[in-house]
Amino acid sequence: MLRPLIRMLSLLPFLAATPALAGPTLEGVKARGQLVCGVNSGVAGFSAPDSQGNYQGLDADFCRAVAAATLGDAAKVRFVPTTYQTRFVALQSGEIDVLARNVTQTLMRDTALGFNMAGVNFYDGQGFVVTKASGITGAKQLDGATVCVLPGSTSELNLGDFARREKLRIQPVVLGSMDEMTAAYRPAAATR
């Protein structure tokens, strides 16, 4: 199942060319002289600090583009790492001006959370990773399996929906980061 990953702008005035449409977020960015951009704390190709601590990747470049468009200088951006648990709170509280990281666009997020979703800039999909030795060749063979997911992610919801639809007993194991999920998978993979 493909799900779009979007980058949210807290207010649409970032896209407006006329100052009359500027809102409080844009006014705050201009007054501060810096865009505060929430990013993932380290996903190669999207937002990960290099050896000097400079964020690189698609999301980091998106933040720089917004800074260039609003402040005239792509370097006037401060990156704030966010997690699945903190990303929306940081945006709603004003800790960050823009959230530029993997976020699935859903109706609830677009309405109940009060966000204005920007256009989709990356599409991805979901799947299951199993060892070759397991002999599993399809997702419907996962009855009785435990599956790692990130808390608050759309993947967590999709796993539950999939298990119910297919009448499978799948036990979600909610872990806090991709690193934790990788570590949980590796010991299992090494024993197979």
Side-chain angles (χ1 to χ4, degrees), residues 1-12 37-48 57-59 62-63 80-93 95-96 98-192:
M1 166 197 283
L2 287 179
R3 65 178 166 85
L5 292 181
I6 56 93
R7 304 304 181 249
M8 297 183 297
L9 295 177
S10 59
L11 294 174
L12 285 178
C37 197
V39 293
N40 200 308
S41 58
V43 175
F46 290 93
S47 62
L58 179 66
D59 296 341
F62 176 82
C63 294
V80 175
T82 62
T83 66
Y84 279 94
Q85 297 90 346
T86 65
R87 58 191 174 164
F88 298 140
V89 173
L91 186 60
Q92 287 175 314
S93 70
E95 178 186 344
I96 59 174
V98 175
L99 181 61
R101 59 162 290 149
N102 51 321
V103 175
T104 303
Q105 184 173 1
T106 67
L107 182 61
M108 193 276 295
R109 290 174 179 166
D110 203 29
T111 57
L113 295 178
F115 297 145
N116 290 319
M117 303 287 191
V120 175
N121 73 345
F122 187 81
Y123 287 87
D124 79 343
Q126 287 182 249
F128 296 95
V129 177
V130 298
T131 62
K132 185 175 182 178
S134 72
I136 295 173
T137 59
K140 292 181 183 181
Q141 295 174 301
L142 292 171
D143 194 33
T146 56
V147 176
C148 297
V149 293
L150 294 168
S153 66
T154 308
S155 299
E156 183 179 16
L157 298 173
N158 291 346
L159 177 64
D161 289 346
F162 171 75
R164 279 187 294 283
R165 185 182 69 237
E166 300 300 327
K167 297 178 178 50
L168 299 174
R169 294 169 291 119
I170 296 178
Q171 178 64 43
V173 176
V174 182
L175 298 172
S177 70
M178 288 298 292
D179 289 339
E180 288 179 39
M181 288 187 359
T182 302
Y185 176 77
R186 283 196 177 134
T191 60
R192 293 186 182 161

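Since we're looking at a predicted model, the values are computed, not measured. No hydrogens, no waters, no symmetry mates; every other heavy atom, side chains included, goes into these values.
- Interatomic distance, Leu58 CG to Asn40 CG, rounded to the nearest 0.5 Å: 12.0 Å.
- Taking the side-chain hydrogen bond (donor to acceptor under 3.5 Å, both in side chains) definition, one finds that Ser93 meets it with nothing, sequence neighbours left out.
- Legend: residues meeting side-chain contact (heavy atoms from CB on, under 4.5 Å) with Ser41, ordered by chain and number and at least two apart, are Pro81.
- Every residue was checked against the salt bridge (Lys or Arg N to Asp or Glu O under 4.0 Å) condition with Asp179, not counting sequence neighbours, and none meets it.
- Across all their heavy atoms, Leu150 and Gly176 have their closest contact at CD2-C, 3.9 Å.
- Partners of Gln92 by side-chain hydrogen bond (donor to acceptor under 3.5 Å, both in side chains), not counting sequence neighbours: none found.
- Here the side chain of Asp143 pairs no donor or acceptor atom with the backbone of Leu168 at under 3.5 angstrom.
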Notebook entry, point to check: Would Phe128 and Leu142 satisfy side chain to side chain contact (heavy atoms under 4.5 Å, CB included), going step by step from the backbone distance to the final call?
Noted result: CA-CA 9 Å; Phe128 296 95; Leu142 292 171; 3.5 Å; yes
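- Partners of Thr82 under the side-chain hydrogen bond (donor to acceptor under 3.5 Å, both in side chains) rule, at least two apart in sequence or in another chain, are Arg101.
- Aromatic ring centres of Phe122 and Phe62 lie farther apart than the 6.0 Å criterion allows.
- Val173 is linked by a side-chain contact (heavy atoms from CB on, under 4.5 Å) to Thr146, Cys148, Leu175, counting only residues two or more places apart in sequence or in another chain.
- Atom SG of Cys37 is separated from atom CG of Leu99 by 7.5 Å, given to the nearest 0.5 angstrom.
- Atom CD of Gln126 and atom CG of Leu159 lie 8.5 Å apart (nearest 0.5 Å).
- Thr83 pairs by the side-chain hydrogen bond (donor to acceptor under 3.5 Å, both in side chains) definition with Gln85, Thr86, not counting sequence neighbours.
- Under the salt bridge (Lys or Arg N to Asp or Glu O under 4.0 Å) criterion, the residue pairs touching residues 125-141 are Lys140-Glu166, with sequence neighbours excluded.
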Next item on the list: Assess whether side chain to side chain contact (heavy atoms under 4.5 Å, CB included) is satisfied between Val39 and Phe46, documenting all intermediate values.
Entry: CA-CA 9 Å; Val39 293; Phe46 290 93; over 6 Å; no
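- Summarising the geometry of Arg87 relative to Ser153, their closest heavy-atom pair is NH2-CA, 4.2 Å, with the distance given to 0.1 Å.
- Partners of Glu95 under the salt bridge (Lys or Arg N to Asp or Glu O under 4.0 Å) rule, at least two apart in sequence or in another chain, do not exist in this structure.
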